[in-house]
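Comments concern the structure below.
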Amino acid sequence: MLRVIDLACARGGVPVLESVAFTLAPGEALVLRGPNGIGKTTLLRTVAGLQVPLAGRIEAKPDRIAYAAHADGIKATLSVAENLGFWAAVHGQSDIGPAVAAMNLSALVNRPAANLSAGQKRRLGLARLMVTGRPVWVLDEPTVSLDLASVALFGRAVAAHLAGGGSALIATHIDLGIEARVLDLTPFRARPPGQGGIATAFDGGFGDDAAGAFL
Amino acid sequence: MSLWEYANPKKFMQTSGAVLPWVAGLAAICLGTGLIWGFFFTPDDYRQGSTVRIIYLHVPAAMMAINAWAMMLVASLIWLIRRHHVSALAARAAAPVGLTFTLIALATGALWGAPMWGTWWEWDPRLTSFLILALFYLGYIALWQAVENPDTAADLTSILCMVGSVFAVLSRYAVNFWNQGLHQGASLSLDQRENISNVFWLPLVISIAGFVALFVTLVLLRTRTEIRARRLSALIARERLA
Amino acid sequence: MIALLIRDLKLAFRSGGGFGLGLAFFLLVAVLVPLGVGPQGGTLARIAPGILWIGALLACLLSLDRIFALDFEDGTLEILIPSPLPLEGAVAVKALAHWLTTGLPLAVAAPVLAVLLHLPASGLPWLVASLAIGTPALSMIGAFGAALTVGVKRGGLLLSLLVLPLYVPSLIFGAEVVRRGAEGMAVGTPLAFLAAITLGSAASLPFAAAAALRMSLRQG
């Protein structure tokens with residue numbers, strides 16, 4: 001469903017990850033781990049097609065991936081139903097009922113998103129994922145500002161998605177209570193160019209560096 | 001060996017370092033000869049008197065103001081198509097030089113206009129277009145400085161340069177339509193009959209050659225500085241990761 | 001596409017700022033200019049085409065940074081890029097929504113303000129026509145400028161610096177249409193140029209703006 005081959009990606013022009021490889025089969029979830037700054041967000045953005053990989057390939061049809069990051073694209077002046085209805089229309093879907101039910105938003109559908117609590121907003125953002133109808137979820141820290149009950153609710157939503165033949169690639173530090181493989185990104189940290197890592201255009205010296213040419 | 005190899009920063013630094021003193025020397029010789037000849041050893045014009053001598057600064061500056069933008073457009077296209085960093089940095093380096101030439105052309109034009117047209121400023125199509133060109137340069141430079149990520153800045157300024165070029169040409173025609181103007185026609189052309197007289201011609205051509213060499217010198221110098229700055233930030237970024 | 005248009009219009013109406021503010025600004029310009037220039041009808045009539053066009057241009061500029069900045073901050077753009085909606089189309093639709101909420105009301109309100117400025121009655125239809133034909137280009141060029149500055153913090157001033165020089169041809173031809181119309185001359189040529197700029201912008205700038213948006217969001 002999603003296959004990543006020998007992927008290298010950069011943040012701000014500097015390589016951060018290299019030789020990343022994994023596959024994601026239908027019904028499978030993969031959790032990314034690693035210290036802050038290792039490049040989890042960069043990797044997810046690259047897989048979602050927001051960034052160009054430095055090297056390597058991502059094998060997936062671009063119309064199968066649904067991406068969700070820290071910001072949910074929710075408009076405060078629109079109601080819950082209007083927010084969801086818009087994203088459903090963009091993705092050619094019409095029915096927002098199942099997503100509303102799964103994220104326990106039924107009582108809130110006509111409430112403007114401005115009046116939602118942080119956790120309710122997050123649930124709306126996740127319901128947005130469901131209405132895309134896309135099988136591969138790429139989620140960046142999806143449980144930020146969720147309480148324990150909402151985390152469990154979210155875990156069940158992901159489990160239901162997996163059971164329905166979908167798959168998920170998640171960067172998170174907490175246990176979602178789902179069956180998932182874990183990929184630690186620490187071994188994939190990009191090496192400096194001197195040790196076999198990828199060199200950018202400005203990594204090579206000009207031959208006169210040592211002679212104090214900067215001065 | 002392909003021409004594109006010069007787009008490698010290391011190769012560019014070597015080549016430009018070797019070429020730079022010669023181009024700078026050429027600029028100094030041509031500017032010295034052209035300007036001294038033009039200012040002190042040409043006759044007065046029978047109508048304009050000695051004010052005609054400002055053409056040795058005005059015409060070359062105006063030509064280079066436009067050519068600098070054209071060079072930026074070509075460099076931007078090369079960056080967008082082939083992603084050569086040196087090309088993007090050369091476009092960035094050329095912008096302040098082009099802006100300075102535009103301002104020189106405007107200032108010398110005003111100095112000449114005061115005695116000859118009786119006014120420092122006239123909303124003539126050529127003058128107005130140059131003012132608009134200066135605004136385009138300002139916007140381009142401001143965008144380079146505002147965007148933090150250098151590659152994104154190069155992408156965005158390249159697109160601005162392309163769209164800006166189309167609108168700059170459009171503005172030129174719009175301004176022509178808006179006011180017919182006082183400015184005389186081109187001073188130089190390949191068609192001999194329209195040229196200014198021969199006494200003024202040779203020093204003017206030498207001045208123009210001097211301005212071209214000066215432009216190349218300044219752009220090479222500034223591109224080298226930009227490359228060093230990028231090298232430095234690459235080193236700092238690597239340091240921070242390690 | 002239609003969903004995006006409806007959503008942008010809803011947002012503009014509900015937040016209030018986008019719709020009324022531009023019109024109020026336009027009104028203020030038309031009121032302030034006579035206060036500064038003096039009440040002589042002849043002078044006002046002569047400068048009215050230029051004032052009305054510059055007022056419309058500045059009113060348009062006022063709401064430009066809202067085209068993409070809000071969608072950038074709340075993450076909508078990041079979700080929109082991988083969505084099935086082509087980004088070029090989304091840009092065009094957002095520029096259209098901007099025009100419907102600023103340019104079109106300006107064109108409708110302009111005759112009232114033209115009366116305040118003593119513009120001869122023969123110029124009124126051409127004023128409405130030139131604004132109706134010319135302001136879509138202002139929205140589209142503005143959307144391009146907004147796409148360039150979307151990732152820049154406090155990009156409002158930069159946006160004006162980038163966009164205003166691009167407005168020069170539209171301003172010249174637009175004001176010329178009104179001036180010629182008011183003086184009873186033929187308006188065909190400048191009107192055709194104005195329409196050509198609008199059509200050319202609408203045909204090509206969505207691609208440039210979408211490319212700029214993708215580049216701004218890349219961050220890599």
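Keep in mind it's a predicted model, so treat the numbers as computed, not measured. Below, chains carry the letters A, B, ... as their sequence lines are ordered, and counting in each starts from 1.
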**Message:** Heavy-atom pairs under 4.5 Å with chain C - which of B:I132, B:L138, B:D155 has more of them than the others?
**Reply:** B:D155
**Request:** Under 4.5 Å, counting heavy-atom pairs only, tell me which of B:L135, B:V163, B:L156 racks up the most with chain C.
**Result:** B:L156
For [X], which atoms come within 4.5 Å of any heavy atom of chain B: side chain, backbone, both, or neither?
| X | result |
| --- | --- |
| C:L158 | side chain |
| C:L171 | neither |
| C:L164 | neither |
| C:L148 | both |
| C:S170 | neither |

**Message:** For B:W178 and B:T128: C-alpha separation, side-chain torsions, deciding distance, then whether side-chain hydrogen bond (donor to acceptor under 3.5 Å, both in side chains) applies.
**Reply:** CA-CA 11 Å; B:W178 164 76; B:T128 313; over 6 Å; no
**Request:** Identify whether NZ of Lys or CZ of Arg in B:R82 sits under 6.0 Å from the centre of the six-membered ring of B:W79 and within 45° of that ring's axis.
**Result:** no
Non-hydrogen side-chain atoms of [X] and [Y] separated by less than 4.5 Å:
| X | Y | value |
| --- | --- | --- |
| B:W120 | B:L111 | yes |
| C:L113 | C:L116 | yes |
| C:F173 | C:S130 | no |

**Prompt:** If you count the non-hydrogen atoms of other residues, nucleotides and ligands that lie under 6.0 Å from CG in C:L157, is the total more than 12?
**Reply:** no
**Message:** With a 4.5 angstrom heavy-atom cut-off, is it the side chain or the backbone of B:L80 that approaches chain C, or both, or neither?
**Reply:** side chain
